[in-house]
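Excluded from the calculations below are hydrogen atoms, water molecules and symmetry mates; all remaining heavy atoms, backbone and side chain alike, are included. Quick note on labels: first sequence line is chain A, next is B, and so on, each numbered from 1.
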There are 2 protein chains.
Amino acid sequence: MVLFPQNYKKGIEVSRDNAGVKPAKSGSRAKGRITLNDVAKTVGVSAITISRALNDPDKVKPVLRARIEKAVAELNYVPNRAARSLAAGSTQTLAVVIPTISNTVFSNVLKGIYDQTIEHNYEVLFANTYYSLQNEEKVISKLLAQYPDGIITTGLDMTERSKELLQAANIPLVQIMEVGAGEVLDMNVGFSHFDAGASMAEYLLAQGYRNIGFLGAQMDFRSQRRMQGFLSKLADANLETDKYLMTTTIPSSVKLGGHMIADLLSEHPQVDAVFCNNDDLAYGAIFECQRRKLRIPEQIAIAGFNDLDASASINPSLTTIRTPLYEIGNRATELLINTLKRRPNLSKTLDLGFELIARDSA
Amino acid sequence: MVLFPQNYKKGIEVSRDNAGVKPAKSGSRAKGRITLNDVAKTVGVSAITISRALNDPDKVKPVLRARIEKAVAELNYVPNRAARSLAAGSTQTLAVVIPTISNTVFSNVLKGIYDQTIEHNYEVLFANTYYSLQNEEKVISKLLAQYPDGIITTGLDMTERSKELLQAANIPLVQIMEVGAGEVLDMNVGFSHFDAGASMAEYLLAQGYRNIGFLGAQMDFRSQRRMQGFLSKLADANLETDKYLMTTTIPSSVKLGGHMIADLLSEHPQVDAVFCNNDDLAYGAIFECQRRKLRIPEQIAIAGFNDLDASASINPSLTTIRTPLYEIGNRATELLINTLKRRPNLSKTLDLGFELIARDSA
DNA sequence: TTAAATAATGTTAGCGCTATCATTTGGTAA
DNA sequence: TTACCAAATGATAGCGCTAACATTATTTAA
């Protein structure tokens, strides 16, 4: 039978099967929850012994420990992390600042972070900046109020105030996604977006394309640097850089990719290759070209970025750049936890690179 | 200039531009951070006044408030939420339990949750169950240790122990994604997966398809109920239900969709329509059919579930069921926050429905 | 003008836990 | 036995903040 309490009011006593033990206080601030002291009274030992049994079991005799564990289970005791944090000065929490959770790129990164934290018994607090440095400043401030033991932020570009806050917090920090494109405050894990863009340009040039376009959505700092890397190689080859360039600050989506390539082609039908700054955009471009009966890559080549799930399966399969998203999250968290556990890191900066995956679309 | 502290050791003093004020204590537990008391001393008022200026600004005279805000900014003071939580008995934190963050479905739900929490100044703590009830039990226990003010869990199926823990926690709970398919512990937001499945079956039947297959990945409880709803309508129409059925517990992906339809077609080339339990799977199926030069929907119809970003753009555009993912997260959080703020909710259960989007693929 | 009401600020205690140091228990060697 | 040491457990204080009540300043009403 399950009866869920109808009333959550502070101090309201809710019936529980607690072996007769009731929460000690039900004053106005009491939450009516079982505390360490309740367990201690039940077992007949001091509170600190319960604390030890839970946090450092080896310090408590096995027999007593067993009794404590039994009482904890019976009373449904759940330690109060706020109290623990306050007393111990550590929250076992990591803060994560990403642009938006609803982008596959960052949900993959976050998964990498999550899997590492769960293994080391940390919690994850995340916040979205929605690609705004002002928002970032706000959420950093909010997250720091939770006194995380460490923090991960996205990108190397932030406001001076954000930097100040992070330094004043005096906790390890990993800036993720990008390396080699700005000031690093502490640690850094990612890859070079400039090089990634350049690498795709070189590939397309090597394939013989000469009227090469660029479609960019979102156009955050990293997108811009991918574009710069890309255009620098076109410039090196004495090709047009501005002519077939189309960017927007609208977030990337499949639909947007369709619209953008439509616009580009209506202005410049001679374009023979397009680098989309995100696979989503590239999917949309491919679909739109299909509708226009343009053969890919014969009439127009399409390339993407990130190597998302569908890229290997789409027709034609998408030439793209694989980025180590999960690994970035995972390794960044590893750096953080190593630092927190006073284990040395080989390096404060990890360039995890990228990989150009040549498939059929270009 | 930015110099990041090289040492995070407790109590180590790090130089800061703190207008001469140093953290009060640097004992072994002190984190070397500025506290309310430091601000109070700087401004020359009591700590509680600082607290009020920050939490309930109207209660402090504007002139004084301005001085306090200035001091807070100069000292880079960040309130300690653990201390606040402990003193106030509220953490301003909501816990979220979802199967996996790396599934677009749940990252959309989480975004809905996040956007609502940010507006009301709550924090989000999330955990993944990876579709395991045992994991769910563990993460619920871990999350409750943070004493969240409210909690959102996914689905109606959980272990007895999970239910016990949630009840003992005595905080508002919203079970999301599904309604009408099991015991609700407190509040409930979602839609009927059985009905959604049934609705797609009716549509396909109405279109005249008779050799109708089903491809199911992951096959968690909700997938199963979608399948049951779907098959029940096929049975009503006296059609085969088992013959063209293919399921796996492997997580859904585009690639998997391709493999599954390939397998299904090699066994049963007569299949004329397939309902994929996820759009990802449907994309993969469409791509594979294209490679086999099967005309969609003339030779084989494909339908999906969730109406993800690419579904409207793919060729042919995908007939699917649009599910209110963002809204589920958003409304569930709204219910939770209303409850926490003692505002009445019209209902403890919200059926947000679904919508069949008929496009070209079926 | 003075009392009463209200606004603004202060004092005190305590939220639930753990660091630190103190004490007790049990085991070992002399 | 006694002295000694390690292991196990306990007492105390305090982490940084806010609820509750107390006091003081300011405004308003009579």
Side-chain angles (χ1 to χ4, degrees), chain A residues 9-11 23-41 43-68 72 75 77-92 144-147, chain B residues 10-11 23-41 43-68 72 75 77-92 144-147 149:
Chain A
K9 239 198 234 160
K10 288 179 183 181
K25 323 241 164 110
S26 54
S28 64
R29 305 214 289 195
K31 294 278 298 261
R33 285 248 199 135
I34 298 286
T35 72
L36 248 199
N37 262 308
D38 297 326
V39 182
K41 274 175 206 150
V43 181
V45 294
S46 71
I48 188 72
T49 302
I50 309 293
S51 169
R52 277 196 279 255
L54 297 174
N55 297 313
D56 210 347
D58 291 346
K59 290 195 177 162
V60 177
K61 263 199 187 161
V63 191
L64 179 54
R65 202 165 67 212
R67 280 173 54 213
I68 291 174
V72 165
L75 296 174
Y77 168 68
V78 181
N80 183 330
R81 290 269 285 230
R84 186 190 189 291
S85 300
L86 190 56
S90 145
T91 55
Q92 293 288 108
L144 289 179
Q146 302 271 10
Y147 279 46
Chain B
K10 288 179 182 181
K25 322 240 165 111
S26 53
S28 65
R29 305 215 289 196
K31 293 279 296 261
R33 285 247 199 135
I34 299 286
T35 73
L36 249 199
N37 261 309
D38 296 326
V39 182
K41 273 174 206 152
V43 181
V45 294
S46 71
I48 189 72
T49 302
I50 309 292
S51 168
R52 276 197 279 256
L54 298 174
N55 298 313
D56 209 348
D58 292 346
K59 289 195 175 160
V60 176
K61 262 199 187 160
V63 190
L64 179 54
R65 202 166 66 212
R67 280 173 54 213
I68 291 174
V72 164
L75 297 174
Y77 168 68
V78 180
N80 184 330
R81 289 270 283 230
R84 186 189 190 291
S85 300
L86 190 56
S90 144
T91 55
Q92 294 288 108
L144 289 179
Q146 301 272 10
Y147 279 47
D149 292 347

| remark: The nucleotide from C:dG16, C:dT18, D:dG10 with an atom nearest the side chain of A:Ser51 is C:dT18
| request: Look at A:Tyr77 and C:dG16 and indicate whether a side-chain polar atom (N or O) is within less than 4.0 Å of OP1 or OP2. | output: no
| request: Return the value, rounded to whole Å, for the distance between atom CD of B:Gln92 and atom P of C:dC15. | output: 21 Å
| task | Round to a whole Å and report the spacing from CG of B:Leu36 to C1' of D:dC15. | result | 13 Å
| query | So, the side chain of A:Arg52 versus the backbone of A:Val60: is there a donor-acceptor pair under 3.5 Å, distance only? | reply | no
| With sequence neighbours excluded, residues passing side-chain contact (heavy atoms from CB on, under 4.5 Å) with A:Arg84 | A:Asn55, A:Ala88
| said: Please confirm whether the shortest side-chain N or O distance from A:Tyr147 to OP1 or OP2 of D:dC17 is below 4.0 Å. | reply: no
| OP1 or OP2 of D:dT9 under 4.0 Å from side-chain N/O of A:Thr49 | no
| Selected nucleotide, minimal atom distance to A:Ser46 side chain, candidates D:dA11, C:dG10, D:dC17 | D:dA11
| query | Which of the following nucleotides, C:dA19, C:dC17, D:dT9, is nearest to the side chain of A:Ala88? | reply | C:dA19
| said: Can you tell me if B:Asn55 touches the phosphate of D:dT18, counting only side-chain N or O atoms and a distance under 4.0 Å to OP1 or OP2? | reply: yes
| query | So, does A:Asp56 use its side chain to make a donor-acceptor pair with the main chain of A:Lys59 at under 3.5 Å? | reply | no
| task | Name the closest nucleotide to the B:Leu86 side chain, picking from D:dG16, C:dC17, D:dT9. | result | D:dG16
| field | Distance in Å, B:Ile50 CD1 paired with B:Tyr77 OH, rounded so as to fall on 0.5 Å steps | value | 8.5 Å
| Proximity to the side chain of A:Ile48 - top-ranked nucleotide from D:dG10, D:dT18, D:dC17 | D:dG10
| request: Kindly compute the distance separating NZ (B:Lys41) from CG (B:Leu36), expressed to the nearest 0.5 Å. | output: 11.5 Å
| message | Using whole Å, what does the distance between atom C1' of nucleotide C:dC17 and atom CD1 of A:Ile68 come to? | response | 15 Å
| query | Under the 3.5 angstrom rule, does the side chain of A:Tyr147 hit a backbone N or O of B:Val78 as a donor-acceptor pair? | reply | yes
| To the nearest Å, how far apart are B:Leu64 CG and C:dT9 C1'? | 9 Å
| query | Atom CG of B:Asn37 to atom P of D:dG14: distance rounded to whole Å? | reply | 14 Å
| task | Please state how far atom NZ in A:Lys59 lies from atom C1' in D:dA7, giving the value in whole angstrom units. | result | 11 Å
| message | Could you check whether any side-chain N or O of A:Ser85 sits under 3.5 Å from a backbone N or O of A:Arg81, counting only pairs where one atom can act as donor and the other as acceptor? | response | yes
| Atom-pair distance (CG on A:Asn80; P on C:dC15), nearest Å | 12 Å
| request: Take the C1' atoms of the five end pairs on each side of the helix from C:dT1-D:dA30 to C:dA30-D:dT1, derive the two axes, and give their angle rounded to 10 degrees. | output: 30°
| note | Scoring nucleotides 21-27 of chain C by protein non-hydrogen atoms under 4.0 Å (B base, S sugar-phosphate only, - none) yields -------
| Atom-to-atom span, CD1 of B:Ile50 to P of D:dT18 - whole angstrom | 11 Å
| So do the side chains of B:Leu75 and B:Val39 get within less than 4.5 Å of each other, counting heavy atoms only? | yes
| note | Walking DNA chain C from its 5' end, the first of B:Pro62 and A:Val78 to be reached, judged by nearest nucleotide, is B:Pro62
| Rounded distance [0.5 Å steps], CG in A:Asn37 versus OG in A:Ser51 | 11.0 Å
| request: Measure from the side chain of B:Ala87, starting at C-beta and using heavy atoms only, and say which of D:dG16, C:dA19, C:dT9 lies closest. | output: D:dG16
| request: Check step by step if side-chain contact (heavy atoms from CB on, under 4.5 Å) holds for A:Asn80 and A:Thr35. | output: CA-CA 8 Å; A:Asn80 183 330; A:Thr35 72; over 6 Å; no
